[in-house]
Amino acid sequence: MSTDTVGGGNESAGNAGEEAVREVLRQLKGSKLAGFIRTTNLVWRERNFQIDFLVFVPRIGLVVLEVKKWKGIVKASREEKWTQEYDSHRNEFNNASLQVLRTCGLVLQLLETAGLNRWPIRPLVVFAHEEATILKGKGPLAPQTDLILKTMISGWIDDNSSEDVSYRFTDSDFTGVKRVISAHAMEYVPPR
């Protein structure tokens, strides 16, 4: 099974985090994962989205990775906004857990429409910056998804793999998923 970027694409400084994660995934391909797909902008039912990585993991299913290259201290919670603090700067960003959950839902719809909904889909937020520290809310303030550093991807796969499950992803599966996703690759469409 190969790895592909769907929709061609501009590689920019903003994609440096994705490139770092791509290297980790390449190292795990064949041992812990079967392959992965990246996309540029997709449009589905008038909604724009991007799949940073759709990862085919035999003992989990499909994993949608949302990659963030935020540095400093990231305070993540269930709230709509997360904060990032570094040096004397403080920024607010949209909740990345909600973003990856939305992406998972759109991927599920695409696969269902094509009759390719055969695997569970798991969301995961990955922080790619070497200088990131993640502070997660606890209890009712806990983020909606798992959040990890890129160095933790292999361990996360181990921890979330099931010995009772083994999906055999074929080249046909990979090609079918890629074809369905590719059909929706297009330039950003401003919301109406």
Side-chain angles (χ1 to χ4, degrees), residues 5 7 9-25 27-28 33 36-55 57 60-109 120-160 187-192:
T5 299
N10 295 335
E11 298 300 324
S12 68
N15 290 339
E18 290 176 25
E19 287 304 315
V21 170
R22 175 187 254 185
E23 285 308 311
V24 172
L25 296 176
Q27 293 169 9
L28 298 174
L33 57 98
F36 58 90
I37 295 172
R38 296 174 60 183
T39 75
T40 55
N41 194 66
L42 302 172
V43 178
W44 170 249
R45 296 185 176 161
E46 299 182 11
R47 287 180 246 157
N48 293 282
F49 69 108
Q50 176 181 339
I51 304 168
D52 291 346
F53 293 96
L54 179 61
V55 185
V57 185
I60 297 175
L62 299 177
V63 180
V64 176
L65 301 185
E66 178 60 38
V67 178
K68 297 298 180 192
K69 191 169 190 250
W70 301 344
K71 68 179 180 177
I73 297 171
V74 177
K75 295 179 180 176
S77 70
R78 198 168 258 314
E79 302 296 320
E80 291 214 20
K81 298 287 184 184
W82 289 358
T83 60
Q84 171 204 34
E85 298 171 356
Y86 68 96
D87 299 332
S88 61
H89 303 296
R90 184 176 191 278
N91 298 308
E92 279 194 347
F93 293 99
N94 289 331
N95 178 328
S97 287
L98 293 177
Q99 183 180 358
V100 74
L101 286 169
R102 175 184 180 265
T103 301
C104 284
L106 294 169
V107 168
L108 176 64
Q109 289 175 29
I121 301 175
R122 294 278 308 267
L124 180 62
V125 177
V126 178
F127 290 89
H129 201 286
E130 303 293 335
E131 298 175 30
T133 301
I134 313 306
L135 302 178
K136 297 183 253 184
K138 305 280 185 213
L141 292 178
Q144 294 88 341
T145 66
D146 289 343
L147 318 174
I148 62 172
L149 301 172
K150 78 171 190 226
T151 57
M152 300 165 68
I153 293 173
S154 178
W156 184 89
I157 291 172
D158 290 342
D159 292 346
N160 288 276
E187 294 295 319
Y188 179 82
V189 177
R192 293 182 193 186

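Note that the coordinates shown come from a computational prediction; the quantities given were computed from them, not determined experimentally.
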>> Closer than 4.0 angstrom, basic N to acidic O: yes or no for Lys150 and Glu130?
In response: yes

>> If the threshold is 4.0 Å, N to carboxylate O, is there a salt bridge linking Arg90 and Glu85?
In response: yes

Would you mind reporting whether [Y] and [X] have side-chain heavy atoms less than 4.5 Å apart?
X: Ile73; Y: Leu135; result: yes
X: Gln50; Y: Glu18; result: yes
X: Lys69; Y: Glu19; result: no
X: Phe53; Y: Glu66; result: no
X: Val107; Y: Ile121; result: yes
X: Leu65; Y: Ile51; result: no
X: Ile157; Y: Val57; result: yes
X: Val64; Y: Leu124; result: no

Looking only at non-hydrogen atoms, find the nearest pair between [X] and [Y] and report the distance.
X: Val43; Y: Glu187; answer: CG2-O, 3.9 Å
X: Pro123; Y: Thr145; answer: CG-CG2, 3.7 Å
X: Leu149; Y: Ala132; answer: CD2-O, 3.8 Å

To the nearest 0.5 Å, how far apart are [atom1] in [X] and [atom2] in [Y]?
X: Ile134; Y: Trp82; atom1: CD1; atom2: CH2; result: 8.0 Å
X: Leu54; Y: Thr39; atom1: CG; atom2: OG1; result: 9.0 Å
X: Ile37; Y: Asp52; atom1: CD1; atom2: CG; result: 13.5 Å
X: Glu79; Y: Leu98; atom1: CD; atom2: CG; result: 10.0 Å
X: Arg122; Y: Asp146; atom1: CZ; atom2: CG; result: 6.0 Å
X: Gln27; Y: Leu33; atom1: CD; atom2: CG; result: 11.0 Å

Would you confirm whether [X], through its side chain, and [Y], through its main-chain N or O, come within 3.5 Å as a donor-acceptor pair?
X: Glu131; Y: Gly72; answer: no
X: Asn48; Y: Val189; answer: yes
X: Ser77; Y: Pro143; answer: no
X: Asn91; Y: Gln84; answer: no

> When the ring planes of Trp70 and Phe93 are compared, do they come out parallel, tilted or perpendicular, using 30° and 60° as the limits?
Replying inline: parallel

> After noting the C-alpha distance and the side-chain angles of Phe127 and Val21, does the key distance pass the side chain to side chain contact (heavy atoms under 4.5 Å, CB included) rule?
Replying inline: CA-CA 9 Å; Phe127 290 89; Val21 170; over 6 Å; no

> Just by distance, with hydrogens left out, do Asn95 and Gln144 show a side-chain donor and acceptor under 3.5 Å apart?
Replying inline: yes

>> We want to know whether Gln109 and Trp44 form a side-chain donor-acceptor pair, criterion being a heavy-atom distance below 3.5 angstrom.
In response: yes

> Yes or no on side chain to side chain donor-acceptor pair (under 3.5 Å) for Lys68 and Gln99, after CA distance, side-chain angles and deciding distance?
Replying inline: CA-CA 11 Å; Lys68 297 298 180 192; Gln99 183 180 358; 2.9 Å; yes

